[in-house]
Participant: 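I'd like to ask you about the structure that follows.
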Amino acid sequence: MSIYLDHNATTPLDGRVLESMLPFLRGEHGNPSSPHRLGRTARAALDTAREQLAALINAAPAQIVFTSGGTEANNLALKGVLAHHPHGRIAISAIEHSSLRGPAAALAGQGRQLDSIGVDEQGRVPLAAVRQALYPDTRLVSVMLANNETGVLQDIANIAAVVRKAGVIMHSDAVQALAKIDIDFAASGVHMMSLSAHKMGGPKGVGALIMDESVAFEPLLQGGGHERGRRAGTENVAAIVGFGAAAALAQQEFDERRLHLLRLRDYLETGLRGLPGAVIFAADAQRLPNTVLVSLPQFAGETLLQNLDQAGIMISAGSACMSGSLSPSPVLLAMQVAPRLLRNVLRISLGAGNTHGEIDILIATLHKLHKQFAPWEVKSAGNA
Ligand code: PLP
């Protein structure tokens, strides 16, 4: 038996997406920059993918810069824009993914002033905190659309309005939000948005930075004039085709997937609440339909994830990048979560293929493990 509940780490490649990619891994091997038939076929496939992605997020196809993933898109947004502005500060929220915190820290290491925007106890970025982080020389603000651990959604349109009014560039990491909530790039007011394919049924190693034409920046990679001079390097045609196909499917199946995930999430949360001491983080905030971050403080020891793995259930503790590390999640620390809730945290992230039966197995397994690992709880039950 194998149950996969870690879709925020990555999703399985949709079989239909794979089919769309296969021709470009076989006979259609042309370079999109070549002037002959094979080149033109590859170029046309890139154009279609660009249109498919643009349609999903209401952006113009020309605003899309394909990258090697969300990490590169985040690096390009921060380092690319700041390279154009030799002086000035950056502000990022305290709950950003490591692929955003990393380049921000690198810029701070080069002497940039880096400001942190705090969150409330539900993991939301208050508008007042954004205003507080804006200085006359702030050049860029980055606040993620959906958090990868808690699933909490930010009020990006209003945050972007505050940032724009101050004449500052606004970036948002929308990697976890893509295909799970409705994204309207044009209406959002953000100048730049990072996306990735492998969190929405597409292949790994491909993503995009969506950029408003008004943003001045320096490319990270120099070379040929690919992606209108914004990202040099022969395009990963098969992966980009897969990204486009995944976007088209997400658009067609959006309502159906969302309803399925919401039903499953409610069912999961009801089951989790039946476990002694369980606390679901950010339960009162607007969240992604597929993500539940829960603390099970009455489980003893650090072996909960391994025991679930042995039972065939695959789940992460916080973000995938944090698993294996015993240090508490910076996201939960920023939310000022009580220290006793920082251990035995599970991030359960659902996907289109999950079923109610799988949730039943998870909850039954957790009850079994609770009896095994919290003997004091069982013994004291009769004395209560
Ligand atoms: N941003 C967020 C919020 C993520 O969850 C991830 C992946 O875990 C990334 C960025 C990085 O994307 P990629 O794996 O495509 O580099």
Side-chain angles (χ1 to χ4, degrees), residues 4-13 17 49 53 57 64-80 92-106 117 119 123-125 142-154 156 171-181 183 190 192-210 220-221 231 233 236 239-240 242-244 246-247 250 282 287-293 314-325 329-332 334 347-351:
Y4 186 74
L5 296 169
D6 197 14
H7 292 81
N8 285 9
T10 195
T11 55
L13 185 67
V17 171
L53 181 59
I57 57 168
I64 296 175
V65 181
F66 285 117
T67 65
S68 64
T71 300
E72 187 189 325
N74 283 342
N75 272 265
L76 178 56
L78 263 59
K79 293 179 182 164
I92 70 168
S93 89
I95 54 164
E96 295 297 316
H97 187 259
S98 53
S99 61
L100 194 292
R101 278 187 281 122
I117 309 173
V119 294
R124 294 169 298 213
V125 172
S142 186
V143 176
M144 71 199 319
L145 183 47
N147 185 264
N148 43 296
E149 294 182 40
T150 58
V152 168
L153 305 177
Q154 302 300 337
I156 280 299
H171 168 258
S172 185
D173 175 347
V175 165
Q176 290 293 347
L178 185 65
K180 296 177 197 156
I181 61 164
I183 297 181
V190 310
M192 295 185 291
M193 191 176 264
S194 298
L195 306 174
S196 179
H198 74 103
K199 314 283 188 183
M200 41 100 77
K204 294 171 185 60
V206 62
L209 183 67
I210 317 303
L220 291 187
L221 303 178
R231 200 268 186 185
N236 186 351
I240 293 172
F243 194 3
R287 283 178 295 146
L288 290 173
N290 80 318
T291 308
V292 179
L293 189 69
M314 287 165 272
I315 297 183
S316 282
S319 83
C321 331
M322 295 292 293
S323 47
S325 120
S329 140
V331 175
L332 293 180
R347 178 190 65 182
I348 306 167
S349 49
L350 306 164

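Being a predicted model, the structure only gives us computed values, none of them experimental. Read the numbers this way: they start at 1 and go in the same order the structure lists the ligands and their atoms.
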Participant: Looking at ligand 1, would Lys199 count as a contact under a 4.0 Å heavy-atom criterion?
Facilitator: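 Under 4.0 Å: yes for Lys199.
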Participant: Could you tell me whether ligand 1 has any atom less than 4.0 Å away from a heavy atom of Ser99?
Facilitator: yes
Participant: Apply the test side chain to side chain donor-acceptor pair (under 3.5 Å) to residues His171 and Ser142: give CA-CA distance (whole Å), side-chain angles for both, the deciding distance (0.1 Å), then the verdict.
Facilitator: CA-CA 5 Å; His171 168 258; Ser142 186; 2.8 Å; yes
Participant: Under 4.0 Å from ligand 1, counting heavy atoms only, is it the side chain of Glu72, its backbone, both or neither?
Facilitator: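 For Glu72, no heavy atom sits under 4.0 Å from ligand 1.
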Participant: Where's the contact between Val175 and ligand 1, heavy-atom distance under 4.0 Å: side chain, backbone, both or neither?
Facilitator: side chain
Participant: Which of the numbered atoms in ligand 1 are under 4.0 angstrom from any heavy atom belonging to Met144?
Facilitator: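 Those of ligand 1 that fall under 4.0 Å from Met144 are 3 (C).
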Participant: Is any side-chain heavy atom of Pro289 less than 4.5 Å from a side-chain heavy atom of Ile181?
Facilitator: yes
Participant: Could you list the atoms of ligand 1 found under 4.0 angstrom from a heavy atom of Gly69?
Facilitator: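 By the 4.0 Å cutoff, the relevant atoms are 15 (O).
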Participant: Report the C-alpha separation of Asn8 and Ser316 in whole Å, then their side-chain angles, then the decisive distance to 0.1 Å, and conclude whether the side chain to side chain donor-acceptor pair (under 3.5 Å) test is met.
Facilitator: CA-CA 9 Å; Asn8 285 9; Ser316 282; over 6 Å; no
Participant: Using a 3.5 Å cut-off on N or O atoms only, is Asn148 in polar contact with ligand 1?
Facilitator: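 Looking only at distances, the answer is no, because the N/O contact criterion of under 3.5 Å is not met.
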Participant: Begin from the C-alpha positions of Arg124 and Val119 and carry the test side-chain contact (heavy atoms from CB on, under 4.5 Å) through to its verdict.
Facilitator: CA-CA 5 Å; Arg124 294 169 298 213; Val119 294; 5.9 Å; no
Participant: Under 4.0 Å from a heavy atom of His198: give me the atoms of ligand 1 that qualify, with their elements.
Facilitator: 13 (P), 14 (O), 15 (O)
Participant: For Ser196 and ligand 1, does the shortest N/O to N/O distance drop below 3.5 Å?
Facilitator: yes
